Protein chains: 2
Amino acid sequence: MNIGEAAQASGVSAKMVRYYERIGLIRAATRTESGYRVYSDEDVHTLRFIRRSRGLGFSIEETAELLALWRDRERASADVKSFALKHVKDLEAKIESLQSMCRTLRHLAGSCHGDGRPDCPILDDIAAFGPGDKKEAKRTKAVSTCNHSH
Amino acid sequence: MNIGEAAQASGVSAKMVRYYERIGLIRAATRTESGYRVYSDEDVHTLRFIRRSRGLGFSIEETAELLALWRDRERASADVKSFALKHVKDLEAKIESLQSMCRTLRHLAGSCHGDGRPDCPILDDIAAFGPGDKKEAKRTKAVSTCNHSH
DNA sequence: ATAAAGCTTCCCACCGGGGGAAGGTCAAGC
DNA sequence: GCTTGACCTTCCCCCGGTGGGAAGCTTTAT
């Protein structure tokens with residue numbers, strides 16, 4: 001099977017298959033005499049594994065670890081489980097971060113008239129000195145330093 | 001004010017300030033005779049605006065649009081509001097995508113013993129034939145359907 | 001005067017890819 | 001046979017954002 005077929009069968013683009021080979025995520029494919037890469041069903045299976053892993057949000061490096069676990073018939077399922085749960089925690093952290101942005105924006109949008117007038121609490125807030133700005137003190141200092149002779 | 005001070009005052013690294021100038025997000029700073037960039041309080045304010053916008057998940061391009069809206073005293077607040085709400089929708093889509101991954105992984109982890117035995121439904125699922133396989137594409141739809149149906 | 005800190009530009013790296021050029025190979029149709 | 005088009009190869013550049021660092025100049029402090 002050529003790379004195009006393997007790509008279609010696995011759902012991974014040919015470009016990415018070459019990339020995965022180049023970075024060592026998959027082993028170098030055997031070649032025909034003319035240099036074409038040749039793939040087996042097992043290779044396709046691996047590519048599909050990678051695609052699924054990526055689809056679950058695992059990084060390439062994490063995917064490599066998952067692949068190693070997958071190939072290791074001696075691994076303890078506890079290892080896999082803890083690996084998965086660690087990733088769940090990472091995902092939850094990202095989700096919470098995005099939700100925080102979302103909450104803020106929804107709140108701001110809620111307090112914006114949304115009419116033809118230019119008055120806008122959204123921009124006012126973004127432009128405001130936030131209370132979470134640790135640099136506030138230093139800023140004020142820098143400002144006064146800058147305003148006067150420096 | 002030099003770039004280092006402006007960076008500290010705005011919370012944007014000096015590196016990023018130069019980058020923002022280079023890509024045209026901020027206008028080129030005036031220079032001293034020796035070539036040092038010089039920033040005013042207004043510049044710092046702009047940098048802080050950018051930092052806040054980025055912190056709310058707006059891309060640099062979106063941030064440029066927000067900056068334009070901010071500077072346009074004639075804009076309608078409705079424009080800002082719809083812009084913000086569009087971004088909220090983008091964020092929600094990302095959140096939903098991550099939550100889908102999370103649900104799947106939690107479900108898989110829940111069905112994994114997590115003991116010393118190698119048997120692991122997590123890896124089994126990732127290795128399963130899913131969508132992307134064209135030949136034998138009628139296997140465990142049950143598992144992924146379970147993820148989907150929540 | 002000298003050393004340190006800060007500034008400048010320039011290049012490289014990261015992740016996960018996409019686009020495309022230049023050139024070789026294969027299979028089908030005439 | 002020969003042409004054509006699809007496919008393959010390597011190679012390089014691009015993206016978003018950010019960090020690191022080298023080489024060299026300027027400013028400041030001692």
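Computed from a prediction, not measured in an experiment: that's the story for all the values here. Per chain, numbering begins at 1; letters A, B, ... match sequence-line order.
For the pair A/Thr104 (side chain) and A/Ser100 (backbone), a donor-acceptor distance under 3.5 Å is present. Put simply, the side chain of B/Ser77 gets close to the backbone of A/Gly114: a donor and an acceptor are under 3.5 Å apart.
A straight line from CD of A/Glu62 to P of C/dC15 spans 12 Å, rounded to a whole angstrom. Per the geometry, CD1 belonging to B/Ile60 stands 6 Å off C1' belonging to D/dG17, to the nearest Å. Per the geometry, CD belonging to B/Glu5 stands 12 Å off C1' belonging to D/dT27, to the nearest Å. Distance, B/Arg22 CZ to D/dG16 P: 10 Å, rounded to whole Å. A/Arg51 has its CZ atom 15 Å from the C1' atom of C/dG17, to the nearest Å. In this entry the distance linking OH of B/Tyr39 with P of C/dG6 reads 16 Å, nearest Å. Following rounding to the nearest Å, B/Arg18 (CZ) and D/dG20 (C1') show an atom-to-atom distance of 13 Å. What separates NZ of A/Lys15 from P of D/dC11 is a distance of 13 Å, to the nearest Å.
A close approach under 4.0 Å does occur between a side-chain nitrogen or oxygen of A/Ser13 and OP1 or OP2 of C/dG18. Distances shorter than 4.0 Å separate some side-chain N or O of B/Ser34 from OP1 or OP2 on D/dT27. Taking only side-chain nitrogens and oxygens, B/Arg54 comes nearer than 4.0 Å to OP1 or OP2 of D/dT18. Of the side-chain N and O atoms in A/Tyr20, one or more sit less than 4.0 angstrom from OP1 or OP2 of C/dG17. Taking side-chain N and O atoms only, B/Arg31 has a distance below 4.0 Å to OP1 or OP2 of C/dT9. Close to D/dC8, at under 4.0 Å from its OP1 or OP2, lies no side-chain N or O of A/Arg37.
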CA sep, side-chain torsions, deciding dist, call: A/Gln99, B/Gln99, side chain to side chain contact (heavy atoms under 4.5 Å, CB included): CA-CA 11 Å; A/Gln99 278 177 338; B/Gln99 278 177 337; 3.4 Å; yes

Check: Going through the distances and angles, do B/His87 and B/Phe58 end up as a side chain to side chain contact (heavy atoms under 4.5 Å, CB included)?
Finding: CA-CA 7 Å; B/His87 185 54; B/Phe58 289 99; 3.4 Å; yes

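The listed nucleotides are D/dT9, D/dG17, C/dG6; the one nearest the side chain of B/Tyr36 is C/dG6.
Using a 4.0 Å heavy-atom cutoff across all strands shown, B/Ser59 reaches sugar-phosphate atoms only and no base atom.
Between B/Thr46 and B/Asp43, the side chains place no donor N or O within less than 3.5 Å of an acceptor N or O (distance only, hydrogens not considered).
Residue A/Met16 is the one, among A/Glu33 and A/Met16, whose nearest nucleotide of DNA chain C lies closer to the 5' end (criterion: closest heavy atom).
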